[in-house]
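Letters A, B, ... mirror the listed sequences (proteins, then strands); counts begin at 1.
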Number of protein chains: 2
Amino acid sequence: MRQSDRINHIITQLSVNGSVGVGDLVDAMGVSAATIRRDLALLEGQRLLARTHGGAVAHGVLYELPLRYRSADRHEQKSRIARAAAGRVADGAAIGMTGGTTTTEVARALTDRRRLTVVTNSLSIASELAIRPNLKLVVTGGVARPESYELVGPLAEGALATLNLDLVLVGVDGISVEQGFTTHHDVEAHTNHALIARARRVVVVADSSKLGQIAFARICGLGDADELITDRDADAAEVEAVRAAGLEVTLV
Amino acid sequence: MRQSDRINHIITQLSVNGSVGVGDLVDAMGVSAATIRRDLALLEGQRLLARTHGGAVAHGVLYELPLRYRSADRHEQKSRIARAAAGRVADGAAIGMTGGTTTTEVARALTDRRRLTVVTNSLSIASELAIRPNLKLVVTGGVARPESYELVGPLAEGALATLNLDLVLVGVDGISVEQGFTTHHDVEAHTNHALIARARRVVVVADSSKLGQIAFARICGLGDADELITDRDADAAEVEAVRAAGLEVTLV
DNA sequence: CAAGAAACGCGCAGAATTCAACACGAGCCA
DNA sequence: TGGCTCGTGTTGAATTCTGCGCGTTTCTTG
């Protein structure tokens with residue numbers, strides 16, 4: 001088991017249970033306690049956890065851990081979704097992208113395009129695309145949320161007010177017929193809504209685990225989007241319900 | 001097995017598992033570990049993965065802190081400058097930072113502060129600080145320049161217009177008595193000037209190689225800054241000239 | 001409050017990994 | 001044929017990771 005796997009395991013345990021024990025980790029991963037402590041010290045240095053005697057607890061809010069530790073989850077589905085979403089983007093278009101692991105995956109699938117303007121409020125996507133001279137990258141500005149790397153707030157929405165987009169790709173945390181598209185954070189939802197309002201076409205990307213889920217804050221109703229791209233593991237009844245609500249659903 | 005096949009295999013493994021091991025790849029493809037490492041180094045250069053000891057992880061799953069800047073040039077001097085500059089920042093202050101390797105170093109030195117608001121137009125600094133829940137990070141927005149990771153243009157300057165800062169830390173490419181502070185790009189210079197205009201106190205950080213240099217675009221005159229922090233390798237005559245022009249110079 | 005147990009930090013040595021440098025062979029072209 | 005480049009493998013030094021032992025700190029329990 002490599003160090004990256006250990007780190008991943010620790011972070012996963014932390015997000016599930018809120019705390020971890022050194023002994024449990026030793027048993028689960030078959031390495032010495034010294035190694036576990038070194039891993040914990042590393043993560044502590046990154047302010048991702050606080051150490052306790054016998055283990056560690058999650059640092060601050062844990063339901064939403066930094067993206068770079070989570071993106072391995074359902075990676076294959078997200079890749080397929082990303083490729084499909086990239087197919088919706090015409091060369092030379094001006095598109096918007098919100099934050100999220102799936103949209104970040106889409107950003108990677110767009111790196112080889114020529115002549116494309118990308119507007120985003122996600123620092124992850126911005127870092128991903130900033131080195132590509134073939135793309136024009138516009139960042140909205142705003143206050144950064146440590147949990148999601150998204151820029152939110154009045155500054156972001158003010159920047160958006162002057163822009164018009166051909167297409168916007170939106171990542172969400174929950175999709176339900178009753179509550180529409182939802183996310184974990186209210187200001188984020190508001191900023192995402194502002195981005196959606198500037199686009200002629202709205203495509204939502206989300207892996208199938210989000211179907212039927214309702215997160216804390218509402219972004220918009222199902223009717224405000226033009227298409228949902230998700231993976232084929234989606235529950236058939238949920239898909240039918242969304243389609244019945246009038247939203248085009250693509251399974252990949 | 002050709003190189004393209006190996007690359008393909010590595011990418012596939014990475015997207016399925018999120019990580020790969022050098023040993024596994026050697027067994028799977030029947031080539032030497034050196035070749036695998038060369039392949040991984042190639043993909044790392046394309047930002048498709050991040051290397052770890054014993055293998056690599058999908059880009060975005062990295063457990064280390066954001067991009068270690070390769071520019072180890074004058075790293076020792078920059079660290080000293082960064083520590084000194086961090087000493088100018090009071091807890092609870094609202095500060096601005098422009099882009100540059102030296103200012104990024106200052107950002108690192110500020111990560112353990114409590115209650116600090118940082119406004120920046122640099123994606124590098126934003127990535128560095130975004131993960132810290134103890135800091136409030138405000139990003140200006142704007143168009144990203146691939147060469148410097150800075151956000152520039154009207155969007156950035158518009159965002160700045162509403163903010164007032166206690167202190168701004170500026171990185172520059174040239175310092176001269178005749179031309180003042182200069183940088184390599186004209187729009188960047190304009191955006192930096194806009195940031196300076198919002199601050200009550202302006203501190204310029206630059207290693208001593210910048211003294212006496214004149215870059216393409218002028219940011220502001222020496223008189224518009226309150227202090228210059230540079231390293232003690234600075235040419236004594238140049239330092240005297242700057243001091244004679246009325247600017248406080250600190251050597252570290 | 002005190003004693004025992006558990007956990008921690010530190011230093012060290014062995015193992016694994018990486019890097020830099022060089023050697024070898026295939027393919028290409030003059 | 002000879003020389004050249006490119007990709008690959010090998011070697012040895014340097015770096016990093018890991019596990020163990022020991023003294024110290026912290027927690028628990030009576």
Side-chain angles (χ1 to χ4, degrees), chain A residues 1-14 17-59 62 68-69 72, chain B residues 1-14 17-76 78-79 108 111-112:
Chain A
M1 173 163 301
R2 282 181 295 280
Q3 187 187 29
S4 59
D5 298 323
R6 293 200 307 270
I7 298 292
N8 218 319
H9 186 261
I10 294 171
I11 294 292
T12 305
Q13 286 296 107
L14 267 182
N17 303 327
S19 67
V20 291
V22 171
D24 304 334
L25 294 172
V26 168
D27 294 341
M29 299 193 276
V31 295
S32 75
T35 300
I36 296 295
R37 289 198 190 93
R38 275 186 274 250
D39 290 341
L40 293 178
L42 177 73
L43 293 171
E44 183 183 37
Q46 301 184 14
R47 305 291 191 277
L48 289 173
L49 53 77
R51 299 192 58 189
T52 62
H53 281 258
V57 295
H59 189 265
L62 30 115
R68 59 176 187 271
Y69 298 98
Chain B
M1 176 168 293
R2 280 187 305 280
Q3 185 187 31
S4 58
D5 297 324
R6 294 200 307 271
I7 299 292
N8 220 317
H9 186 260
I10 293 172
I11 296 293
T12 305
Q13 285 294 106
L14 220 45
N17 302 326
S19 70
V20 292
V22 172
D24 304 334
L25 293 171
V26 167
D27 294 341
M29 298 192 278
V31 295
S32 76
T35 300
I36 296 294
R37 290 198 191 92
R38 277 186 272 251
D39 290 341
L40 293 178
L42 178 72
L43 293 171
E44 183 183 37
Q46 299 180 12
R47 303 292 195 277
L48 290 171
L49 54 77
R51 300 193 57 192
T52 65
H53 276 256
V57 295
H59 190 254
V61 198
L62 186 54
Y63 54 86
E64 288 178 10
L65 285 171
L67 347 147
R68 302 176 179 172
Y69 9 94
R70 304 274 173 200
S71 61
D73 276 3
R74 299 181 161 263
H75 192 273
E76 183 66 29
K78 284 173 180 170
S79 293
R108 287 203 127 183
T111 50
D112 55 351

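Between B:Ile11 and B:His9, the closest side-chain pair of non-hydrogen atoms is not below 4.5 Å. Looking at B:Arg2 and B:Asp5, their side chains come closer than 4.5 Å, going by heavy atoms from C-beta outward. Residues B:Val26 and B:Thr35 fail the side-chain proximity criterion, which asks for heavy atoms closer than 4.5 Å. Residues B:Leu42 and B:Gln3 meet the side-chain proximity criterion, which asks for heavy atoms closer than 4.5 Å. By the 4.5 Å heavy-atom criterion applied to side chains, B:Met29 and B:Ile10 are counted as neighbours. A:Ile36 has its side chain within reach of A:Val31: a pair of non-hydrogen atoms, C-beta onward, lies under 4.5 Å apart.
Taking CD from A:Gln13 and CG from A:Asp24, the interatomic distance works out to 8.0 Å, rounded to the nearest 0.5 Å. In this structure, CD1 on A:Ile7 lies 4.0 Å from CG on A:Asp39, to the nearest 0.5 angstrom. Between the CG atom in B:Leu43 and the CZ atom in B:Arg6 there is a gap of 10.0 Å [rounded to 0.5 Å].
Summarising the geometry, the separation between CG on B:Asp5 and C1' on D:dG7 is reported as 15 Å, rounded to the nearest angstrom. Residue B:Arg6 contributes atom CZ, which lies 12 Å from atom C1' of D:dG9 at whole-angstrom precision. Atom pair B:Ile7:CD1 and D:dG7:C1' shows a separation of 13 Å (rounding to whole Å applied). Put simply, CG on A:Leu40 is 13 Å from P on D:dT18, counting in whole angstrom units.
Listed here is the closest heavy atom pair of B:Ser19 and B:Val57: CB-CG1, 3.9 Å.
Regarding contacts with the backbone of C:dG9, a side-chain N or O of A:Arg51 is found under 4.0 angstrom from either OP1 or OP2. For A:Arg38, no side-chain nitrogen or oxygen approaches OP1 or OP2 of C:dC8 to under 4.0 Å. For the OP1/OP2 pair of D:dT8 and a distance below 4.0 Å, the side-chain nitrogens and oxygens of B:Arg2 include no atom meeting the criterion.
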Any protein N or O atoms within reach of nucleotides 26-30 of chain D? Criterion: under 3.5 Å, listing atom names and distances.
unit_1 : atom_1 : unit_2  : atom_2 : d
D:dT26 : O3'    : A:His53 : NE2    : 3.1

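Within residues 22-37 of chain A, the residues approached by DNA chain C to less than 4.0 Å at the level of any non-hydrogen atom are A:Val22, A:Arg37, in residue-number order.
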- Walk me through it: do B:Leu40 and B:Arg38 pass the test side chain to side chain contact (heavy atoms under 4.5 Å, CB included)? CA-CA 5 Å; B:Leu40 293 178; B:Arg38 277 186 272 251; over 6 Å; no

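Fit an axis to the five pairs at each end of the helix from C:dC1-D:dG30 to C:dA30-D:dT1 and the two axes sit 30° apart, to the nearest 10 degrees.
Across all strands shown, B:Gly21 has no heavy atoms under 4.0 Å from either base or sugar-phosphate atoms.
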